[in-house]
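Just follow the structure's listing: the first ligand is 1, and inside any ligand the first atom is 1. In what follows, every heavy atom counts, from backbone to side chain, and hydrogens, waters and symmetry copies are set aside. In what follows, residues are counted from 1 in the order of the sequence shown.
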Amino acid sequence: MIYNGIDFDTYFKHYPDENGYFGPYGGAYVSDELKQAMKETTEAYFTIAKSRKFIDELRRIRREFQGRPTPISHLERLSNKLGNVQLYVKREDLNHTGAHKLNHCMGEALLAKYMGKKKVIAETGAGQHGVALATAAAYFGLECDIYMGSVDIKKQAPNVARMKILGANVVEVTHGLQTLKEAVDAAFDAYAREYKDAIYCIGSVVGPHPFPMMVRDFQSVVGIEAREQFVGMTGELPDAVVACVGGGSNSAGFFAGFLNDPVDIYGIEPLGRGPKLGDHAASLQYGTEGVMHGFNSLMLKDENGDPAPVYSVSSGLDYPSSGPEHAFLHDLGRVKYDVINDEDSIDAFFELSRMEGIIPALESSHAVAYGIKLAKTMSHGSVLINLSGRGDKDMDYIIEHYGIR
Ligand SMILES: *Cc1c(COP(=O)(O)O)cnc(C)c1O
């Protein structure tokens, strides 16, 4: 399919280009030392991760350990309530550890093993990526250093406990605001020192090349499975697919299955409390081009051009930028990016729980809310939503701040 001059039949061969660019976005803005490490990782990715042996092993792991393929569920009661549109969800909440993040962590850790590395390094904010990577490290017998700000360590005690139980080393970052940004910087510093023995495992389709490409490719299992399953279930393609966008990994992998199809694609960002800077994390909606964390993309900036403070009720979505491929697909118009605020996502959290017996993650609730909204504007057809994770982690917070609705 050709869209705005881009041939999506051959899209994955050409994007990103050899320097890691999706149009103007992407690249690798890092120190010379890290450039070397990125080059080594890129070469390993193309030689090792594209080999038959690696692909077979990852497929076996996905089946036997992760519990893939995850199913698609038809939301029958919710669809009947809404009217003539059929809603479906791809159940990444049923992936081991309860979210899609393990899809790329298992890929990255398997690559580390093939490269002969002893350790995986990463940062974490809310702790979800740290837990997924600690799980992968335990599976492969790799050491695991997770950098986390002191403030986040206090806020995310259950995930800190999980990482430690899984054998990871949680490294406290005590400078600056002691949250995600400082943790990213500390993890990159550690990687620059240790890259001979370690590999950096980023948590989304962000960071310098090759990470946005690698993470998308490892996550594309979601979209490839979903397309085949949906056609098997209904005999046709969905009319629309919807996913939430934080850094953009679950959406990038899910969309990859449908970019070349006549399917409307929606990426949903968090509007939080509203459109004022600092009240949301909708970087594609309100951001401008800039470089942070080693890549060029659309980002939310403060008056000095630094990453702006962002907010969302869902901690997995509050990142001041999104992956370069999303910025590219945004400008191209192939994916429509829109927003959902806190309130609507909380409503959707309860609606899916009550109507279908599925408690969604607050991140995924943004996609569910948009899917419901979209269905109300359609006279017929189908909407497939990527349910990126389960909501157990969010229950205490919701009951404390919103009560039972
Ligand atoms: C981390 C997380 C997200 C957001 O990350 P992306 O890279 O945008 O996918 C979404 N949903 C869940 C359940 C998460 O844990």
Review point. Taking heavy atoms and a distance under 4.0 Å, where does A361 meet ligand 1: side chain, backbone, both or neither?
Key: side chain

Study note, to complete from the structure: Atoms of ligand 1 under 4.0 Å from any heavy atom of G389, numbered from 1 in the order shown, are 13 (C)

Exercise for review: Would you check if the distance from the ring center of H366 to the ring center of Y370 is below 6.0 Å?
Suggested key: no

Review point. So is E92 in contact with ligand 1, going by heavy-atom distances below 4.0 Å?
Key: no

Review point. Do F254 and F258 have their ring centres less than 6.0 Å from each other?
Key: yes

Point to revise | Residue selection (non-hydrogen contact nearest atom 1 (C) of ligand 1) among E269, Q128, K101, H366 | key: K101

Check your understanding: Do S388 and E363 have side-chain atoms, one donor and one acceptor, less than 3.5 Å apart?
Key -> no

Check your understanding: Does atom NZ of K301 have more than 12 heavy-atom neighbours from other groups under 6.0 Å away?
Key -> yes

Review point. With backbone taken as N, CA, C and O and side chain as the heavy atoms from C-beta onward, which portion of H129 lies under 4.0 Å from ligand 1: side chain, backbone, both, or neither?
Key: neither

Point to revise | Option with minimal heavy-atom separation from atom 8 (O) of ligand 1, where the choices are S314, A132, G248, G127 | key: G248

Review point. Within 45° of the ring axis of F350 and under 6.0 Å from its six-membered ring centre, is that where the NZ or CZ of R405 lies?
Key: no

Point to revise | Heavy atom of the protein closest to atom 11 (N) of ligand 1 (residue, atom name, distance) | key: S388 OG, 2.7 Å

